[in-house]
Amino acid sequence: IGTALVVALAAAFSQAQAERTQGGNWIRTNSGLSYQVLAQGAGDIAAKGHLVAIHETTSLMDGTVIYDSRVKNTPVTFTLGANQVITGVDEGVTGMRVGERRLLRVPPALSQRTSYPPNTPKDATLYIDLELLSIRKKGGLR
């Protein structure tokens, strides 16, 4: 990893950490998911059935990073609404525009998982910094 990338990731993480502790402008959904829009997108809108690619950094409330797709530049690709990711990510990505970045606060009820990421407490609230990179519809990438 280049020094510039490490510095940029550290700055983004520090900003997200500060927002967690200061409250920020959280939007809460009926399911209990909360999120903040960190950067507006301008592309197509993600909807159920679309194949999406995201970058995500997942951390615990204390700031411990448990997963980061940006480290190896390996986006996470999944179909929205197909139960391929935790419910909080499925819900958090739905309605995003390509290029948008959100910070999700995912309560345990929306992060049920069996083994990934490893060593994650089942009752943990997760913070997920994600960016929607692309959407594939029937017509191709957008």
Q. Of all heavy-atom pairs between Leu110 and Ser31, which one has the smallest distance, and what is that distance?
A. CD1-OG, 3.4 Å

Q. Could you give the distance from CZ (Phe78) to NE2 (His50), rounded to the nearest 0.5 Å?
A. 12.5 Å

Q) Ignoring hydrogens and geometry, is there a side-chain-to-backbone donor-acceptor pair from Ser59 to Gly63 under 3.5 Å? A) no

Q) In Å and rounded to the nearest 0.5 Å, what is the CG to OG distance from Asp129 to Ser69? A) 9.5 Å

Q.
Whether the side chain of Asp90 engages the backbone of Leu80 through a donor-acceptor N/O pair (distance < 3.5 Å, no angle test) should be reported.
A. no

Q) Would you say Val65 and Thr58 make side-chain contact, with heavy atoms under 4.5 Å? A) no

Q) Is there a donor-acceptor contact under 3.5 Å from the side chain of Arg97 to the main chain of Ala42? A) no

(Q) For the residue pair Asp68 / His55, report whether a side-chain donor-acceptor contact shorter than 3.5 Å exists. (A) no

Q: Examine Arg102 relative to Tyr35 and say whether NZ or CZ is less than 6.0 Å from the centre of the six-membered ring and inside a 45° cone about the ring axis.
A: yes

(Q) Could you measure the distance from the CD atom of Glu56 to the OH atom of Tyr67? Nearest 0.5 Å is fine. (A) 5.5 Å

Q: Would you give the length of the straight line joining atom OG of Ser134 to atom CD1 of Ile54, rounded to the nearest 0.5 angstrom?
A: 10.5 Å

Q: Output yes when a side-chain donor or acceptor of Thr94 lies under 3.5 Å from a complementary backbone atom of Ala47, and no otherwise.
A: no

Q) Hey, are the side chains of Glu131 and Arg70 touching, using non-hydrogen atoms and a 4.5 Å cut-off? A) yes

**Q.** Distance in Å, Thr77 OG1 paired with Leu51 CG, rounded so as to fall on 0.5 Å steps
**A.** 6.0 Å

Q.
Any heavy-atom pair between the side chains of Gln36 and Ile27 that's under 4.5 Å?
A. no

Q. So do Val106 and Val89 actually touch side chain to side chain, heavy atoms under 4.5 Å?
A. no

Q) Roughly how far, to the nearest 0.5 Å, is CG of Asn25 from OG of Ser34? A) 12.0 Å

Q) Of all heavy-atom pairs between Pro107 and Leu33, which one has the smallest distance, and what is that distance? A) CD-CA, 4.2 Å

Q) Please walk me through it: do Leu126 and Leu60 pass side-chain contact (heavy atoms from CB on, under 4.5 Å)? A) CA-CA 5 Å; Leu126 302 177; Leu60 301 175; 3.9 Å; yes

Q: Would you mind reporting whether Thr57 and Tyr127 have side-chain heavy atoms less than 4.5 Å apart?
A: no

Q.
Using a 3.5 Å distance criterion without hydrogens, assess whether the side chain of Gln84 forms a donor-acceptor pair with backbone atoms of Thr79.
A. yes

Q) Would you say Leu130 and Glu100 make side-chain contact, with heavy atoms under 4.5 Å? A) no

(Q) Could you go through Arg136 and Asp44, starting from their C-alpha distance and side-chain angles, then the distance that decides it, and tell me whether this counts as salt bridge (Lys or Arg N to Asp or Glu O under 4.0 Å)? (A) CA-CA 10 Å; Arg136 183 176 298 167; Asp44 289 339; over 6 Å; no

Q: For the residue pair Val37 and Arg101, establish whether any side-chain heavy-atom pair is separated by less than 4.5 Å.
A: no

Q | Side-chain donor/acceptor of Thr64 to backbone N/O of Asp62, under 3.5 Å | A | no

Q. Are Arg105 and Thr125 close enough that a side-chain donor and a side-chain acceptor fall under 3.5 Å?
A. no

Q. Of the non-hydrogen atoms in Ile135 and Ile45, which two are nearest, and what is the gap between them?
A. CD1-C, 3.5 Å

